[in-house]
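Single-structure report; data block below.
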2 protein chains.
Amino acid sequence: MKTTRQRAILSLIATRPVHSQEELASLLEAQGYEVTQATVSRDVKELGLVKVPLKSGTGAAQQFKYVEPSITTNFSSRLHRVIAELVVHVVGAVNQIVLRTPPGGAMMVASAIDAAEWPEIIGTIGGDDTVLVLLASTDDLPVVVQRFEDLRAEAQSA
Amino acid sequence: MKTTRQRAILSLIATRPVHSQEELASLLEAQGYEVTQATVSRDVKELGLVKVPLKSGTGAAQQFKYVEPSITTNFSSRLHRVIAELVVHVVGAVNQIVLRTPPGGAMMVASAIDAAEWPEIIGTIGGDDTVLVLLASTDDLPVVVQRFEDLRAEAQSA
DNA sequence: TTGCATACTGTATAATTATGCACGATATGC
DNA sequence: GCATATCGTGCATAATTATACAGTATGCAA
């Protein structure tokens, strides 16, 4: 039955890395669900699962992870979402603000800030886990730092 | 240059639906970045982008969305993450608890609860946006409801 | 029962993505 | 300078995923 099979899929991917739908089909077969890759593909789509790159080196393995539906629908603005989910730390000095993110997150944060086009900001530079935000004036520092903190605060727990 | 091109990719996918890496390559070309699908594939991997199914109907379009790196690394337990992100509402009665989720999220929540194997819980049923949790005893109701609320509370803002 | 609609699936194949290999550019050490 | 190493890339193709189509099963109304 479709529902139980899909639940089995969720259980499987929560347990171990799965690298392809063929592999998933094999694992399901071992549990008594005999289905083809085609069906697995449909299940994966219905469950909203996505294949995420595990590490960026060549030859890196992949596994399935699910993207919770809420991620794509809940947050109102991209900037808000990105800051809330990716910014770990905020600190400012003179006319500069440094934002820390998990590894690999900096470019997304920088991109989102650019897109927001805040007038106080004259530019951003995103590295791997650090974003440098340059302000037009030293006077803007406390206001903008506070704004970042506020965006961040709404999801501080995770 | 690789970095600016990758930032352009982030900007593109934030702006409009992109259905394939070929399409992304075309859009980049329009901005002066001439690259092949192969390079886009590598960029997508490095940025941690994933292709998410947009709707489940046949012939449904897809687009790129990024999975924030934090999603795969931050939360400690699957149950915690799933409850925090997916459970919208909790209500209990007698020996039953009903959890509401965004559409499509119920099965994941049910699966995660099953995997956690809480002793008070004798079973779960996941529909589309509703999970029914059955408890062994009426006495367990307030305790378990509170536990769900606590898990949820840590991310209530989103 | 018959006819029709819906749901689920497999087969075959199209579409898409990932990657081995080679090459050119740039940097590093001798 | 020259050898060597690293990085980014394209090309060709392998690997993986999505889907058009057809078949089976089920439910329901006439």
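All values reported here derive from a predicted model rather than from experimental measurement. Numbered from 1 within each chain, the chains take letters A, B, ... in sequence-line order.
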If the sugar-phosphate is the primed atoms plus P, OP1 and OP2 and the base is the rest, what is the B/S/- string for nucleotides 7-14 of chain C, using protein heavy atoms under 4.0 Å? -SBBB---

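The CG-C1' distance, from A/Leu49 to D/dT16, rounds to 16 Å in whole Å. Between A/Glu22 atom CD and C/dA18 atom P there is a gap of 17 Å when expressed in whole angstrom units.
In this structure, B/Lys45 reaches the C/dT19 phosphate: one of its side-chain N or O atoms is under 4.0 Å from OP1 or OP2. Phosphate proximity of C/dA18 to B/Gln21: present, with a side-chain N or O under 4.0 Å from OP1 or OP2. Put simply, A/Lys51 has no side-chain N or O that comes within less than 4.0 Å of OP1 or OP2 on C/dA18. Of the side-chain N and O atoms in A/Ser41, one or more sit less than 4.0 angstrom from OP1 or OP2 of D/dA18.
In this structure the side chain of A/Thr130 reaches within 4.5 angstrom of the side chain of A/Val98, judged on heavy atoms.
Closest approach of B/Ala8 to B/Leu28, counting heavy atoms only: CB-CD2, 4.0 Å. Between A/Met107 and B/Thr3, the shortest heavy-atom distance links the atoms SD-O, 3.8 Å.
The backbone N or O of B/Leu135 sits less than 3.5 Å from a side-chain atom of B/Asn95, completing a donor-acceptor pair. Without hydrogens or angle criteria, A/Arg152 side chain to A/Val87 main chain gives a donor-acceptor distance under 3.5 Å.
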Intermediate values then yes/no, side chain to side chain donor-acceptor pair (under 3.5 Å), B/Gln37 and B/Gln21: CA-CA 6 Å; B/Gln37 171 268 324; B/Gln21 295 178 0; 3.0 Å; yes

